[in-house]
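A quick write-up on the structure given underneath.
Every chain is numbered from 1 and lettered A, B, ... according to where its sequence line falls, protein lines coming before strand lines.
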Amino acid sequence: MNTKEVRVRFAPSPTGPLHIGGVRTALFNYLFAKKHNGTFILRIEDTDQNRYVKGAEDYIVNSLKWCNIKIDEGVGVGGKYAPYRQSERKDIYKKYAEQLINDGFAYYAFDTPDELEKMREKLKAEKSENQQYNFLSRTAMRNSLNLSQDEVEKLIESNTPHVIRLKVPENEKVEFTDLVHGKISFDSSLLDDKILFKSDGMPTYHLANVVDDYLMKISHVIRGSEWINSTPSHVLLYRFLGWENEMPEFAHMPLILKPNGKGKLSKRDGDALGFPVFPLEWTNPNTNEVSSGYRESGYFSDAFINILALLGWNPGTEQEIFSMKELTEIFSLDRIGKSGSRFDPEKAKWFNHQYLINKNNEELAFLYQEILKEKGIEVSDKLVIKVVDLIKERASFVSDFWKQSFFFFQKPTEYDPKVVKKKWKEDTSDTMKKILEVIENIEDFKSEIIEETVKNYIEKNELSFGKVLNPLRLCLVGSGKGPSLFHIAEIIGKEEVVERINNGIEKIKK
RNA sequence: AGUCCGUUCGUCUAGUCCGGUCAGGACGCCAGGUUUUCAUCCUGGUAACACGGGUUCGAAUCCCGUACGGACUACCA
C-alpha cells in the first residue's frame with residue numbers, strides 16, 4: 001500500500017438521475033476516503049453535451065446530501081483544484097492532447113461518420129476479427145499519420161471537423177493491478193485508437209478523466225467494473241503523458257444486477273422492476289414521467305445506506321446493521337466481492353424495519369403527524385407518540401402506520417366479514433351488552449385496570465376470553481387485527497369505547 | 001464474433017490468498033411456541049460449493065478445460 005494522501009472522486013455524468021449503483025459507487029468512495037482520513041471529491045463529467053439532462057446535477061447533489069455522503073471538495077463546495085465541472089475545464093484538456101500529438105502518441109483524424117461506417121462495414125465483410133479503428137485500419141484512413149503535414153495544416157485551418165485519436169501501439173502487453181480483481185492484462189493490439197478529443201471541441205471521458213485525476217491528485221479510482229475494459233487505454237494515457245508513476249490505483253466494483261436475472265441495473269429500468277432504482281423521486285424533464293425514489297417510498301436514508309453498503313461488500317463478521325460512522329471505520333476495499341449482486345427488495349424492507357423499530361417514538365410521531373394532517377386528523381403529539389409506540393414493531397415504513405392504527409383516530413366504518421362470521425355468534429350481542437356495562441363502570445380508565453376488570457368478569461361468569469375479546473375487538477377495530485385491546489381502549493377513551501360497542505351491537509348482525 | 005471479468009442455499013453472503021470442523025450467518029419460505037386476534041418476537045426446519053478432469057492421504061479452496069452469466073467493443077460516460 002502506498003502512503004500518499006487518499007483522494008478519491010465520484011465522477012458521474014449528468015445524463016439523468018443517479019441510480020442505486022451510482023449511489024453505491026459514491027458511498028464506497030466516501031467510506032474509503034473517510035476510513036483513511038482522505039478527501040471525497042465530486043466531479044461532474046459533462047463532456048457530452050448531447051446527453052446533458054437538465055436538473056441531473058442538482059439531483060446528484062441532493063441525493064448525496066440525503067444519503068449523508070458529504071462532499072469535501074468539488075462541485076457545489078469548491079476546492080483547490082476547481083473548477084470541478086469538466087465543461088468548465090475544457091481549455092485544460094486541449095493542451096495535453098496536443099502534447100500527445102507532438103510526442104507522437106496521438107494524431108488528428110478527419111474521417112467523417114460516413115467514412116467510419118464504410119470502414120467498419122468493409123472490415124466486417126472481410127470477416128476481420130474486429131472492426132476497430134486501430135493500428136491496422138488507421139493506415140487506410142484520413143488522418144495525420146497518412147496525410148502530409150501541409151495537408152493536415154490546411155484541413156485544420158479550413159475548420160474541417162476532426163478528432164484527436166490515441167495512437168495505440170501494436171503488440172504490447174498493458175497490465176494493471178486492480179485492488180478488487182488482482183492483476184488484469186490486455187494485449188494492446190486489441191485496443192482501439194480511442195478518440196481523445198471530439199470534433200465539438202470537447203474531450204472524451206477517457207482523456208478528461210485521466211487528466212483530471214492526475215491534476216486533482218486522485219489516489220484511487222473506485223468505479224464500476226464496466227470500466228475495466230477501457231482502463232488499459234487509460235493506463236496508456238498515463239504512460240504517454242509521463243505520469244505513470246503517479247497513476248492512481250484502480251478498484252473496480254462488481255455491478256448491481258437486475259433481480260430478474262438479466263444484465264446490469266440501469267437508469268432506464270425506472271420502476272419497471274417493482275422497486276425504486278433511484279434514491280430520490282425523479283421527474284424526467286422531457287417526458288414528465290415520474291420514477292419513484294427510496295426517500296419517497298419511506299426508506300430512511302441510514303437504512304438505505306446500510307443496504308447499499310452490504311451489496312458487494314461485507315465486513316466478514318455477522319453484523320448486518322451499521323451506522324455510517326461504523327462503516328467509515330471498518331470499510332476496506334479488499335472485502336469488496338468480485339461477482340455482481342442482485343438487489344433484494346424484501347431484504348431492503350427488513351432493513352428499514354430494523355431502523356424503524358430503533359428510532360425513537362418522538363421522531364416517528366413527528367413523521368406520522370404529516371400523514372395524519374394530510375388526512376385531516378388533528379391530534380396531539382402526545383397521543384401520536386403513544387400510538388406509535390404500540391404499532392411500530394408491526395411496520396416497515398412510516399407509511400404503514402395508518403393501516404396499523406387508523407382505528408385510534410376514527411371509528412371502524414366496516415367490519416371484516418370473515419371475522420364477523422367466525423366470531424360473532426347468536427348470543428354475542430347479549431355478551432357485548434353485559435361487557436358494556438362492566439366497562440361503563442370502570443372509573444380509572446387505564447389499560448391494566450380495564451384488562452383486570454374485563455378478565456375478572458369473564459372468569460366470574462365462566463365465559464372464554466375468545467368469546468368476549470374477539471367480538472370486542474371487532475367493535476373497536478373493525479377487524480381481528482391490532483395491538484392489545486386494552487391499550488387501544490385506554491387510548492381512545494371510555495366514551496369512545498362505549499360508543500363503538502353500541503355501534504357494533506347495532507350494526508354487526510349475524 | 002472478439003476481449004476482459006465472474007460463478008457457494010431462491011436472494012445477499014462467510015469460508016478461497018495460507019487445502020483438513022456435519023460448508024456458517026442474514027432475508028425469504030415452512031413448522032412449533034408466545035398472544036384475546038393479527039403482526040412482532042423466540043425456537044426449529046428448508047436449501048448451495050456450475051460441470052469435468054487433474055495435483056494431493058485429503059479440494060468449495062490449487063491447476064487445466066468446458067458450460068453458463070455479465071461487461072465492453074460509439075465523435076456515451
Same-atom distance (C1') from U43(B) to C63(B), integer angstrom: 45 Å
Distance in angstrom units between Asn470(A) CG and U37(B) P, rounded: 7 Å
Atom P, compared across G32(B) and G24(B): separation rounded to whole Å: 25 Å
Electrostatic pair Arg85(A)-Glu57(A), nearest N-O below 4.0 angstrom: yes
Separation of atom CZ in Arg342(A) from atom P in U7(B), rounded to whole Å: 13 Å
Nearest-angstrom distance from the residue atom NZ of Lys338(A) to P of U13(B): 13 Å
Heavy-atom protein contacts under 4.0 Å, nucleotides 14-28 of chain B, coded B base, S sugar-phosphate only, - none: SS--------SSBB-
N-O pairing of Asp427(A) and Lys467(A) below 4.0 Å: yes
Sugar-phosphate, base or nothing in reach of Lys467(A), heavy atoms under 4.0 Å: nothing
Nucleotide-resolved protein contact map, nucleotides 71-77 of chain B, B/S/- at heavy-atom distance under 4.0 Å: BSS-BBB
Length of the line joining His252(A):NE2 and G6(B):P, which is rounded to integer Å: 13 Å
Sugar-phosphate, base or nothing in reach of Leu310(A), heavy atoms under 4.0 Å: sugar-phosphate
Distance between P atoms of G70(B) and G52(B) (Å, rounded): 23 Å
Length of the CZ-C1' vector between Phe351(A) and U13(B), whole Å: 11 Å
U34(B) versus C27(B) - spacing of their C1' atoms, nearest Å: 23 Å
Euclidean distance for C1', A14(B) against G54(B) (whole angstrom): 28 Å
Rounded distance in Å between the C1' positions of C17(B) and U61(B): 10 Å
Glu393(A), nearest nucleotide to its side chain (from U40(B), U37(B), C12(B)): U40(B)
Point-to-point distance, once rounded to the nearest 0.5 Å, from OH of Tyr107(A) to CG of Asp193(A): 3.5 Å
Same-atom distance (C1') from A60(B) to A23(B), integer angstrom: 8 Å
Touch class at under 4.0 angstrom, heavy-atom based, for Leu311(A) against every strand present: sugar-phosphate
Ile435(A) CD1 to U36(B) C1', straight-line distance once rounded to whole Å: 12 Å
Side-chain ion pair, Lys455(A) and Glu459(A), N-O less than 4.0 Å: no
Sugar-phosphate only, base, or nothing, as touched by Ser185(A) at under 4.0 Å among non-hydrogen atoms: sugar-phosphate
Spacing of Trp227(A) atom CH2 and Phe250(A) atom CZ [to the nearest 0.5 Å]: 12.0 Å
Listed nucleotide nearest any side-chain atom of Ser339(A), set C41(B), U8(B), C12(B): U8(B)
Interatomic distance at P, C4(B) relative to C64(B), whole Å: 14 Å
